[in-house]
Amino acid sequence: MNTRGLRSQLKDSIPVAGLCPQGQYGVQDSLRSGFTSAKNELLPSHPLELSEKNFQLNQDKMNFSTLRNIQGLHAPLKLQMEYRAARQIQRLPFLPSSNLALDTLRGSDESIGFEDILNDPAQSEMMGEPHMMVEYKLGLL
Amino acid sequence: YALENIIHLKQIRHINIMLLISFVLMQDGVVLGADTRATSSEVVADKMCAKIHYIAPNIYCCGAGTAADTKKTTELLSSNLTIFSMNSGRNPRVVMAVNILQDMLYRYRGQIGANLLLGGVDCTGNHLYEVDPYGSVDKVPYIAMGSGDLAALGILEDGFKPDLELEKAKELVRAAIHAGIMSDLGSGNNIDICVITRRGVDYIRPYQDSEYKDNRYKKMKYKYRPGTTPVLTEKVVPLKLEVVQETVQQMDTA
């Protein structure tokens with residue numbers, strides 16, 4: 001278990017943008033990745049950023065740990081096996097997946113949160129290049 | 001609260017509901033009251049804003065703080081409670097709403113600026129809860145919240161007795177909100193009252209109109225009858241359309 005808390009998830013280093021820029025022709029792509037700022041990459045830009053990024057993970061850890069203490073090691077192991085199986089049910093890489101089995105296992109199919117209203121993948125403006133994403137997933141790229 | 005609100009004002013100019021809401025537990029139900037002003041720093045953003053939100057048929061909630069936060073949070077809460085009551089076949093209880101709210105607000109560590117007062121009648125009785133943005137909960141017989149809460153709380157402390165009758169409770173809430181409206185710039189305009197009893201809900205909006213209401217709105221009409229503007233000349237030119245291309249596609253009616 002991570003006892004150092006959220007501070008340990010702050011990054012220690014970032015790749016310097018000037019040396020190997022991610023844009024085309026070796027130039028920093030300001031349109032897609034914004035202006036470079038080392039501070040924005042290293043430090044969180046919102047007090048809740050780290051807490052929210054790992055919220056589901058931390059909840060799961062807490063629940064599994066409690067379950068292990070109450071029912072023994074087999075309970076979280078079986079549940080985690082089911083989670084892993086459900087997580088593999090996905091659509092093609094460039095399409096949004098419904099994750100229905102995973103939601104049902106977690107119990108989040110019966111509640112509505114901000115993740116259901118905001119950042120709807122069906123309304124996302126960016127889409128991955130279909131051929132390249134499938135080739136990358138199959139290992140051909 | 002007052003200090004926090006002042007600091008808030010100087011930084012961001014979003015719409016705040018620095019309002020005044022008060023609740024009273026009466027003999028067989030709950031009386032909720034609120035004013036109807038929403039401010040954006042020094043400007044009144046909304047003169048007739050609805051601060052009493054629907055959560056469930058037997059639970060209503062008043063929200064103070066940031067307008068968008070209270071609205072969205074209460075909508076989410078209402079949806080979750082509806083799903084739950086459909087799933088379990090039970091009517092929602094006020095404690096359920098309070099617990100859901102508490103979890104949600106604590107998760108976001110006070111960044112959601114919603115001070116909510118939940119009141120309702122369920123199978124276990126009449127309940128009144130106050131939830132702070134950080135997630136702390138207080139169960140109270142009467143409460144006032146918002147920028148004008150000091151004046152309102154004075155009236156409530158003086159006039160509250162356990163097991164009030166309906167009319168006396170409504171008058172007490174109205175007097176409390178009126179006192180808050182008179183002494184606070186962030187509260188004003190009309191007074192809304194919502195009475196929740198076992199028999200049903202009576203949402204009276206507005207219960208009392210403000211004395212300084214703008215009466216010109218009733219006289220000003222923006223719909224003009226046909227013929228108000230005189231027609232001087234009229235000229236009709238038919239457009240000549242030529243068929244450029246025609247394609248026929250058979251419908252598959254098999």
Side-chain angles (χ1 to χ4, degrees), chain A residues 1-10 39-40 43-67 70 79 82-83 86 96 98-124, chain B residues 4 7-8 11-12 14 53-56 59 61 63 65-93 95-114 116 118 131-136:
Chain A
M1 290 289 273
N2 198 340
T3 50
R4 279 175 60 203
L6 293 170
R7 199 151 265 282
S8 64
Q9 284 148 26
L10 293 174
K39 184 172 151 218
N40 281 344
L43 295 177
S45 47
H46 190 271
L48 283 182
E49 184 181 327
L50 290 176
S51 154
E52 276 298 304
K53 207 158 60 160
N54 301 312
F55 186 74
Q56 193 55 49
L57 210 64
N58 288 335
Q59 283 288 100
D60 286 345
K61 274 188 200 168
M62 253 179 14
N63 289 337
F64 284 138
S65 159
T66 316
L67 203 56
I70 298 176
L79 277 178
E82 287 178 29
Y83 275 74
S98 68
N99 290 323
L100 188 59
L102 200 56
D103 275 348
T104 311
L105 277 177
R106 277 214 186 99
S108 56
D109 62 335
E110 288 171 355
S111 66
I112 301 180
F114 289 114
E115 60 272 3
D116 297 311
I117 310 173
L118 305 169
N119 202 20
D120 187 9
Q123 302 195 357
S124 158
Chain B
E4 205 183 75
I7 296 176
H8 216 42
Q11 281 171 350
I12 315 167
H14 50 237
H53 308 285
Y54 165 89
I55 306 271
I59 306 176
C61 167
T66 310
D69 286 343
T70 58
K71 189 101 213 318
K72 212 64 193 177
T73 311
T74 47
E75 277 176 1
L76 272 178
L77 178 62
S78 172
S79 304
N80 279 325
L81 269 185
T82 316
I83 294 178
F84 175 80
S85 62
M86 279 189 209
N87 248 341
S88 61
R90 289 177 165 75
N91 278 335
R93 302 187 191 183
V95 274
M96 295 175 191
V98 170
N99 282 332
I100 296 176
L101 258 187
Q102 192 179 20
D103 285 339
M104 189 196 305
L105 291 176
Y106 183 66
R107 171 178 170 176
Y108 293 103
R109 294 293 187 283
Q111 299 286 330
I112 295 186
L116 300 166
L118 281 140
V131 185
D132 288 344
Y134 280 83
S136 64

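Chain A is the first sequence line, chain B the second, and so forth, proteins listed ahead of strands; every chain is numbered from 1.
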- Inter-residue atom distance B:Arg107.CZ - A:Gln59.CD, 0.5 Å rounding: 7.5 Å
- Taking atom OG of B:Ser79 and atom CG of A:Asp116, what is their separation to the nearest 0.5 Å? 10.0 Å
- Item | Flag side-chain contact, heavy atom, 4.5 Å: A:Pro47 against B:Arg109 |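 No, every pair of side-chain atoms sits at 4.5 Å or beyond.
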- Task: Specify the closest pair of heavy atoms between A:Leu48 and B:Gln111, including all atoms of both residues, with the distance to one decimal.
- Result: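 Taking every non-hydrogen atom into account, CD1-CG, 3.5 Å.
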- Query: Taking all non-hydrogen atoms of both residues, which atom of A:Glu110 and which atom of B:Asn80 are closest, and how far apart?
  - Reply: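 Taking every non-hydrogen atom into account, O-OD1, 4.4 Å.
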- Task: Answer yes or no: does atom CG of A:Asp120 have more than 12 heavy-atom neighbours from other residues, nucleotides or ligands under 6.0 Å?
- Result: yes
- B:Phe84, part contacting chain A, at a heavy-atom distance under 4.5 Å: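 It is neither, since no heavy atom gets under 4.5 Å.
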- The interface call for B:Met104 against chain A, heavy-atom contacts under 4.5 Å, is side chain
- Side chain, backbone, both or neither of A:Ile112 within contact of chain B (heavy atoms, under 4.5 Å): both
